[in-house]
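A short write-up of the structure that comes next.
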Amino acid sequence: MKRVITLIFTILISNLVYALKIENDFIIDSRGNKIVKKEYKKVLILDPAAVEAFYLIGGENNIVAIADTAKNPIWPQEKTKDLPKAGTIMKPSVEQVLMYSPDLVILNTMSESFGESLKARKLNVIINEANSFEQILNNLEIYGVITGKEENTDRLIDSYNLKLKMIKEKIAEKPLKIKGGFLFSTSPMMVFSPNSLPGQIFDTLGIENIAKGLPGGRPILSPEFLLAENPDILVGSMAIKNKNDILNSNPVVKQTKAGQKGNIMIIESDKILRGTPRVIDALEELYKELSNVK
């Protein structure tokens, strides 16, 4: 029994530490999908973050098709808009995937079940997932192997590690010392937990997350809880498109410090919520914008 408990605990911990890893000449994702460690020439990508990562490291020629995002563009938009599509992120097409004869398909966590149908057809599948800066840069290293662009990737990782170090030092000299909530939706009012990528962004910026201690990945806030926490700032993203969506979502919002002082922000989800190094670029911009919040 002790061995079983230890094994389960080890698996759970390892899943938290990495999203993609290399082990014994295989690349393994957090769900246990395994592919041979090598370059893949025909990669079909159904996750926008992985598409952006490929372009950052110069591996775009390995992409045969992507998923259509419908609303949010994929950076660099002027290039990705013309890539062939294999359905949408929410509804990828098996027939269209097979049409491109990919030697690897990269999925996101929302299309995990779709991956089972691809594996049944003997296709190589891995899932892209990143909930921290460390996982983002780790995944980038893996994509360097998959695209044969290891040297480009190593240089890029070094530059982003340096940039992240400098941002953290700047924040340490002048921490924000404010309390806030990063909203996923307004009806119901749901916030990102500290264990999410938005949660790490708040933590790095020195923002006390009102979701700390609440159960679940996206806990729902009651009006009583929001008023008791009285955040200095509320940040909206995803389907939240303007400040009034937040201000008018509940009368209590206008009674908080954030509502009274107008400290309501909307951030484009493709800039701050996609697990690519561009999040680190956005982190620096966000810090500058929030430095004057009182």
Side-chain angles (χ1 to χ4, degrees), residues 19-20 27 35 38-93 95-111 114 118 123-130 133 135-160 163-164 197 237-238 241 267-286:
L20 295 172
I27 295 170
I35 62 172
K38 65 172 187 175
E39 180 180 354
Y40 291 82
K41 300 287 189 179
K42 299 175 66 178
V43 185
L44 193 146
I45 307 179
L46 301 179
D47 182 80
V51 175
E52 294 189 5
F54 271 49
Y55 273 90
L56 278 168
I57 62 179
E60 62 270 20
N61 290 336
N62 296 59
I63 301 175
V64 293
I66 64 173
D68 193 348
T69 56
K71 293 181 180 179
N72 295 318
I74 301 176
W75 180 93
Q77 185 179 3
E78 68 278 5
K79 296 179 180 179
T80 61
K81 64 182 177 64
D82 295 323
L83 288 175
K85 306 297 191 297
T88 67
I89 290 178
M90 299 303 295
K91 194 175 181 180
S93 165
E95 291 75 17
Q96 290 181 36
V97 168
L98 295 175
M99 183 177 69
Y100 292 104
S101 302
D103 52 14
L104 173 63
V105 180
I106 300 177
L107 307 167
N108 61 22
T109 53
M110 293 185 294
S111 53
F114 180 74
L118 298 183
L123 290 179
N124 291 312
V125 168
I126 56 171
I127 295 174
N128 182 73
E129 182 180 13
F133 304 134
Q135 286 185 352
I136 287 171
L137 295 179
N138 173 76
N139 288 356
L140 202 65
E141 182 178 0
I142 303 295
Y143 293 138
V145 174
I146 287 173
T147 58
K149 300 292 183 181
E150 289 98 331
E151 289 187 15
N152 291 0
T153 306
D154 289 344
R155 287 194 295 269
L156 190 65
I157 291 173
D158 288 343
S159 67
Y160 270 108
K163 185 168 190 174
L164 187 57
L197 183 54
S237 194
M238 300 299 289
K241 299 303 180 184
I267 300 177
E268 296 176 23
S269 58
D270 61 288
K271 288 183 65 176
I272 204 75
L273 299 181
R274 250 174 223 166
T276 78
R278 293 178 61 238
V279 171
I280 297 173
D281 297 327
L283 179 69
E284 187 171 32
E285 297 172 17
L286 192 56

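Any value given below was found using the heavy atoms of this structure, including those in side chains, with hydrogens, waters and symmetry copies removed. For reference, positions follow the sequence shown, starting with 1.
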Suppose the criterion is ring pair (Phe, Tyr, Trp, His ring centres under 6.0 Å): which pairs have a residue in residues 44-71, not counting sequence neighbours?
Phe54-Tyr143

Taking the side chain as every heavy atom from C-beta outward, state whether Thr147 and Tyr40 have any atom pair closer than 4.5 Å.
no

Suppose we screen for side-chain contact (heavy atoms from CB on, under 4.5 Å). Which residues come up paired with Ser159, at least two apart in sequence or across chains?
Leu156

With a 4.5 Å limit on heavy-atom distance, are the side chains of Leu123 and Leu44 in contact?
no

Please name all residues satisfying side-chain contact (heavy atoms from CB on, under 4.5 Å) with Pro277, sequence neighbours left out, ordered by chain then number.
Leu56, Ile136, Leu137, Leu140, Tyr160

Pro92 versus Leu46, closest heavy-atom pair with distance
CB-CD1, 3.8 Å

With a 4.5 Å heavy-atom cut-off, do Leu273 and Leu197 have their side chains touching?
no

Gap between atom OG1 of Thr80 and atom CD of Glu60 - 0.5 Å precision
11.0 Å

Should we say atom NZ of Lys79 is surrounded by more than 12 heavy atoms from elsewhere, each under 6.0 Å from it?
no

The reported gap from CG in Asn124 to CD1 in Ile35 (rounded to nearest 0.5 angstrom) is 6.0 Å

Distance (rounded to the nearest 0.5 Å) between Glu39 CD and Asn62 CG:
5.5 Å

Working to the nearest 0.5 Å, report the span between CD1 of Ile45 and CD1 of Ile89.
11.5 Å

Exercise answer: donor-acceptor pairs, residues 100-108 side-chain atoms, under 3.5 Å, sequence neighbours excluded:
unit_1 : atom_1 : unit_2 : atom_2 : d
Asp103 : OD1    : Lys42  : N      : 3.0
Asp103 : OD2    : Lys41  : N      : 3.0
Asp103 : OD2    : Lys42  : N      : 3.3
Asn108 : OD1    : Met110 : N      : 3.1
Asn108 : OD1    : Ser111 : N      : 3.1
Asn108 : OD1    : Ser111 : OG     : 3.0

Looking only at atom types and distance, does a side-chain atom of Ser237 sit under 3.5 Å from a main-chain N or O of Ile267, one as donor and one as acceptor?
yes

In plain terms, say whether Arg278 and Glu52 are close enough for a salt bridge, that is, a side-chain N and a carboxylate O under 4.0 Å apart.
yes

By side-chain contact (heavy atoms from CB on, under 4.5 Å), which residues pair with Asn61, not counting sequence neighbours?
none

Taking every non-hydrogen atom, the tightest pair across Ala49 and Asn128
CB-ND2, 3.7 Å

Tell me, with the steps shown, if Asp281 and Lys163 meet side chain to side chain contact (heavy atoms under 4.5 Å, CB included).
CA-CA 8 Å; Asp281 297 327; Lys163 185 168 190 174; 2.6 Å; yes

To the nearest 0.5 angstrom, please state how far the CD1 atom of Ile27 sits from the CD1 atom of Ile142.
5.5 Å

Rounded at 0.5 Å granularity, tell me how far CD1 in Ile157 sits from CG in Leu164.
12.5 Å

SB check Asp47 Arg274 (cutoff 4.0 Å)
no

Partners of Glu268 by side-chain contact (heavy atoms from CB on, under 4.5 Å), sequence neighbours excluded?
Asp270, Lys271

With Arg155, which of Asp158, Thr153, Asn152 fulfils side chain to side chain donor-acceptor pair (under 3.5 Å)?
Asn152

